[in-house]
Every structure is written in C-alpha cells, then in structure tokens.
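Heads up: the structure comes next, in structure tokens.
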Amino acid sequence: MKKVVVLVGPTAVGKTSLSIELAKELNAEIISGDSIQVFKDFSIGSGKVKREEMLDIPHHCIDILAPKDKFSVADFQRIAREKIDEISARNHLPMIVGGTGLYIKACIYDYEFSSQEEADEEIIKKLEAMNNEELVMELQKIDPEQAQAIHPNNRKRLIRALLIYEMTAVTKSDQIASQEHKPIYDAFIIGCTMDRATLYERINERVDMMVEEGLLDEIKGLLAQGVNFDDHAMQGIGYREWRAYFDKAMTKDEVIEEIKKHSRQFAKRQYTWFNNQMPIHWVDMQEPDSIKQLKKMLEAWRSEQ
RNA sequence: GGUCCUGUAGCUCAGUCGGUAGAGCAAUGGACUGAAAAUCCAUGUGUCGCCGGUUCAAUCCCGGCUGGGACCA
C-alpha cells in the first residue's frame with residue numbers, strides 16, 4: 001500500500017504552516033483537500049496558501065477549475081488519487097491537507113462512485129417539485145434502506161438517492177454495500193486541534209485579516225467576471241454572505257459578523273466529522289511537545305517496511 | 001425634580017386574567033458515500049432586577065429600592 005500523510009482539522013487551526021513544516025522534513029508534496037480551493041480566484045476567502053508561504057513545496061489540487069465550474073467528491077477522488085500515484089512514482093510522500101472531510105475520506109477509503117451521466121434536467125425538476133413525503137415514498141419503492149436512513153426533512157439527500165438510481169440503475173444502498181469501508185492507502189492521519197475558545201478567537205481574527213487583505217475586492221472581481229451568487233463555489237463561507245451586502249440587506253460589518261459565525265459553526269461540524277469518521281492522531285497545536293511527539297510517530301510510521 | 005414606559009435563557013423578546021415559564025437566534029452534541037465551506041437532526045432550570053407585603057400559593061397584585069429608556073420642567 002502506498003503511504004499517504006493526511007493532515008486535517010478545523011478552519012483556522014493552523015494546518016497550512018504545519019503542513020509546510022512537515023512537508024520539508026518528509027520530502028512531501030501537498031495535495032489540498034479543500035472543496036473551495038480548487039477554484040481559481042477564490043483565494044482570500046478560502047484561505048489558500050500564498051506563493052511565498054509554500055517554500056517551494058509542490059502543491060496540487062489548487063486553482064484547477066474556473067470559478068463557474070462544478071465539482072464533486074467523485075471528481076476530487078479521481079484527481080487526488082492520480083496525484084498520489086504521480087507523487088509516489090517520484091519517490092516523494094503525498095500529503096493531503098485540508099478541511100473537507102468527505103473529500104478526504106472518499107479519497108483514502110474505498111468509496112466507489114459509479115460512472116454517472118449528466119443528470120437529466122427533467123428528472124431533477126420533477127423531483128424538486130415533490131414534497132418531502134412524496135420523495136420518501138418514492139425512495140421507499142426503490143431503496144427502502146436509504147428511505148429509512150435519510151431524515152425526511154433532508155430533501156437534498158432524498159433527491160440525491162433517487163437521482164443515483166435514475167442515473168446509474170444502482171441504488172445507493174447497493175453501492176455502499178459493495179464496499180469494505182477500509183482505507184486503500186497506508187494513511188497516517190493527523191488531526192490538528194486546540195482549545196475551542198482559542199480556536200474561535202483565531203477564526204474571528206482570521207476573518208478580519210481576510211477583509212483587510214481585500215476579501216470584498218475579491219468578491220467584486222468574481223462578480224465582474226460573470227460569477228453570481230448561485231454558482232457552486234459561491235456557496236462557500238466568506239463568499240455567500242456578501243449577497244446580502246449587494247442586496248443592501250446588510251452592512252459590511254454585519255456581513256463580517258455573519259462570516260465569523262458561519263466559520264465557527266463550520267469548525268464545530270468539522271470536529272464532529274473528524275472525531276467520528278476517521279482514526280486520527282490528534283495534535284494539540286498549542287503544545288510544542290505534542291508536535292514533537294507527532295514527528296517521532298511519523299518517523300516510525302515512515303520507516304515501517 | 002415630575003410623569004410615563006421598562007428590567008424574564010448568552011442575545012432579542014413572548015407569556016402566565018396568581019398555581020415557579022417559552023419562541024427565534026446563539027451555544028452544545030450528532031448524522032453524513034456525486035452540492036459537503038453543503039444538507040439535515042437532537043438538546044431550553046432561568047435566584048422571571050433586589051427587599052418586603054397581601055395570599056394556601058407571587059415572576060404576575062401592592063409598596064419601597066435599584067438599573068435602563070422616553071418625555072416634561
């Protein structure tokens with residue numbers, strides 16, 4: 001099995017700088033595991049590494065899409081796995097760094113997405129016109145297991161499950177049942193953490209910094225090139241909140257507060273994912289000893305067979 | 001100085017014609033297999049400003065005190 005280092009953690013915990021430090025020591029190349037950083041021109045708001053911070057460490061999966069493109073887990077899985085192969089072939093260590101839990105898990109675990117045609121507009125319209133109860137009843141017919149598992153209020157998932165069957169003729173349950181739910185790499189998963197109150201302070205400060213660095217100009221630039229608030233990447237935190245500003249429903253300061261709040265809530269959700277979905281070696285970013293210990297463990301892991 | 005309004009959950013406020021209280025937001029926990037920075041679920045004990053009075057019983061009525069606001073001087 002190929003070795004892969006994975007570095008995850010909530011937003012603003014300090015993943016980027018630790019990743020560069022580790023990459024230097026391990027002769028690694030970094031693959032960004034982030035659902036927004038793949039888009040060009042979504043830079044300040046997505047917390048992309050700056051050129052000068054990279055210290056010549058190769059970075060992948062950043063700026064690989066145009067701002068109006070669509071992207072999905074399956075795309076990420078395919079591209080990231082290709083990168084892992086390439087980097088390994090170069091005798092470098094691949095290191096996935098990011099906060100998008102699903103993307104990262106789909107990449108390193110044996111998730112399998114059946115090939116999918118472009119979803120039929122007609123079918124989507126038909127499903128979206130149905131109420132929750134009707135969706136559940138429909139799913140009950142083709143995939144009772146998922147109809148049971150998905151909460152009736154979660155329309156997005158209900159529609160997704162129905163669509164999977166429409167597109168691929170395989171139910172979501174069958175798809176999942178065919179997997180072993182195991183990693184396909186020898187992955188060493190590091191989780192960055194710190195005291196919650198401190199993290200929240202850092203998040204607030206980071207948002208202020210983004211605004212100082214020109215977040216609003218970044219949004220204006222995107223709008224000027226034809227991106228609008230309904231586009232996929234614009235649903236990212238730090239981006240979607242500005243819609244209210246341009247609609248004159250909120251002041252700049254109110255938008256900034258919204259971004260901070262959403263970022264804090266996001267960090268909490270990230271913890272929930274990382275705590276429950278993957279076996280993680282947690283590192284306390286405020287404890288130098290904790291990082292030292294991590295490096296020792298990484299050394300040991302790396303020299304294993 | 002006077003008159004009136006006001007003080008209930010971290011915040012904004014409901015409410016109890018007297019039987020110790022509830023919404024939204026926040027917060028916390030959780031789910032998660034093609035939108036995942038998305039989507040969804042669960043969780044509400046708080047000296048009802050303080051002291052006293054009336055009452056079987058007061059957050060609710062009465063009195064005083066105190067904080068906030070508006071208006072009149």
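Residue numbering restarts at 1 for every chain, and letters A, B, ... go by the order of the sequence lines.
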For a quick check of understanding: with a heavy-atom distance under 4.0 Å over all strands, which category does A/Gln77 fall into, base, sugar-phosphate or nothing? nothing

P spacing across the pair B/G10 / B/C48, given as an integer number of angstrom: 12 Å

Within the structure, does a side-chain N or O atom of A/Arg157 lie under 4.0 Å from either OP1 or OP2 of B/U33? yes

5' precedence on RNA chain B between A/Val73 and A/Ile237 (nearest-nucleotide basis): A/Val73

Once you apply a heavy-atom cut-off of 4.0 Å, does A/Tyr200 come out as touching a base, just sugar-phosphate, or nothing? sugar-phosphate

C1' spacing across the pair B/G46 / B/A21, given as an integer number of angstrom: 9 Å

P gap between B/G7 and B/U59, integer Å: 15 Å

Determine the Euclidean distance between corresponding C1' atoms of B/C56 and B/U20; express it in Å to zero decimal places. 15 Å

Check the distance between B/C32's P and A/Glu145's CD and give it to me in whole angstrom. 13 Å

Indicate the atoms forming the closest heavy-atom contact of A/Ile164 with A/Val170, along with that distance. CG2-O, 3.5 Å

At less than 4.0 Å, is any side-chain N or O atom of A/Asn154 found next to OP1 or OP2 of B/U39? Yes or no. no

Any non-hydrogen side-chain atom of A/Asp186 less than 4.5 Å from a side-chain atom of A/Lys2? no

Of the nucleotides B/A36, B/G30, B/G29, which one has an atom closest to the side chain of A/Trp273? B/A36

Does a side-chain N or O of A/Arg269 approach OP1 or OP2 of B/A36 to a distance below 4.0 Å, or not? no

Is A/Arg155 touching bases, backbone alone, or none of the nucleic acid, heavy atoms closer than 4.0 Å? nothing

Write down the distance separating the C1' atoms in B/C61 and B/A57, rounded off to the nearest Å. 13 Å

Do other residues, nucleotides or ligands put more than 12 heavy atoms under 6.0 Å from A/Asp247 CG? yes

Whole-Å distance, A/Glu128 CD to B/U39 C1', equals 13 Å

Contact class for A/Gly45 (heavy atom, under 4.0 Å): base, sugar-phosphate, or nothing? base

A/Glu254 atom CD is separated from B/C25 atom C1', nearest whole Å, by 14 Å

Angle between ring planes, A/Trp282 versus A/Tyr271, binned at 30° and 60°: parallel, tilted or perpendicular? tilted

Starting from P on B/U33, measure out to CE on A/Met167 and report it in whole angstrom. 18 Å

Can you find a side-chain donor-acceptor pair between A/Lys48 and A/Gln37 that sits under 3.5 Å? no

Remember a base hit wins even if backbone is also touched, and classify A/Arg196 as base, sugar-phosphate or nothing at under 4.0 Å, heavy atoms. sugar-phosphate

Side-chain N or O of A/Ser72 closer than 4.0 Å to phosphate OP1/OP2 of B/A35: no

What's touching nucleotides 9-13 of chain B from the protein side, N or O pairs under 3.5 Å?
none

Working note: A/Lys252 + A/Leu216, criterion side-chain contact (heavy atoms from CB on, under 4.5 Å); need CA distance, chi angles, decisive distance, verdict. CA-CA 9 Å; A/Lys252 186 176 173 185; A/Leu216 181 51; 4.2 Å; yes

Only one of A/Phe42, A/Phe229, A/Tyr245 passes ring pair (Phe, Tyr, Trp, His ring centres under 6.0 Å) with A/Tyr239; say which it is. A/Phe42

Considering only atom P, compute the distance from B/U3 to B/G63 and round it to an integer number of Å. 13 Å

Under 4.0 Å, counting only non-hydrogen atoms across every strand here, what does A/Tyr103 touch: a base, just sugar-phosphate, or nothing? sugar-phosphate

Nearest listed nucleotide, side chain of A/Thr272, among B/C32, B/C41, B/U33: B/C32

Between A/His151 and B/A42, is there a side-chain N or O to OP1/OP2 distance below 4.0 Å? no

The nucleotide from B/G29, B/U39, B/C25 with an atom nearest the side chain of A/Lys261 is B/C25

Taking all non-hydrogen atoms of both residues, which atom of A/Gly99 and which atom of A/Ile104 are closest, and how far apart? N-CD1, 4.5 Å

Atom pair distance, as rounded to whole Å: CG in A/Leu158 and P in B/C40: 12 Å

Got A/Met54 and A/Ile30 here, is their nearest side-chain heavy-atom distance under 4.5 Å? no

When we call it a touch if two heavy atoms are under 4.0 Å apart, what does A/Ile150 touch: a base, just sugar-phosphate, or nothing? nothing

So, is A/Asn276 close to the B/G30 phosphate, meaning a side-chain N or O under 4.0 Å from OP1 or OP2? yes

Looking across every strand, which nucleic acid part, if any, lies under 4.0 Å from A/Ser263 by heavy atom: base, sugar-phosphate, or nothing? nothing

Of the nucleotides B/C32, B/A27, B/U33, which has the atom closest to the A/Gln277 side chain? B/C32

Which nucleotide in B/A37, B/U33, B/A27 has an atom nearest any side-chain atom of A/Gln265: B/A27

If pairs are Watson-Crick or G-U with both distances under 3.5 Å, what is the dot-bracket string of RNA chain B, marking crossing pairs with [ ] and pairs to another strand with |? (((((((..((((.....[..)))).(((((.......))))).....(((((..]....)))))))))))).

Comparing A/Arg264 with A/Gly236, nearest RNA chain B nucleotide closer to 5' gives the residue A/Arg264

Which of parallel (below 30°), tilted (30 to 60°) and perpendicular (above 60°) describes A/Phe39 and A/His232? tilted

Just to confirm, is there a sub-4.0 Å distance from OP1 or OP2 of B/U39 to any side-chain nitrogen or oxygen of A/Gln235? no

Is the A/Phe188-A/His281 ring centre distance short of 6.0 angstrom? yes

Please give me the minimum heavy-atom distance between A/Leu162 and A/Glu138, naming the atom from each residue. CD1-C, 4.1 Å

If the cut-off is 4.0 Å, is A/Ser35 near the phosphate of B/A37, judged by side-chain N/O to OP1 or OP2? yes

So A/Lys268, base contact, sugar-phosphate only, or nothing? Heavy-atom distance under 4.0 Å. base

Examine the side chains of A/Asn204 and A/Arg264 and answer whether a donor and an acceptor come within less than 3.5 Å of each other. yes

Could you measure between the two P atoms, the one in B/U6 and the one in B/A37, and give it in whole Å? 48 Å

Could you measure between the two C1' atoms, the one in B/G49 and the one in B/U8, and give it in whole Å? 10 Å

Output the rounded distance in Å from CD (A/Gln175) to P (B/C32). 16 Å

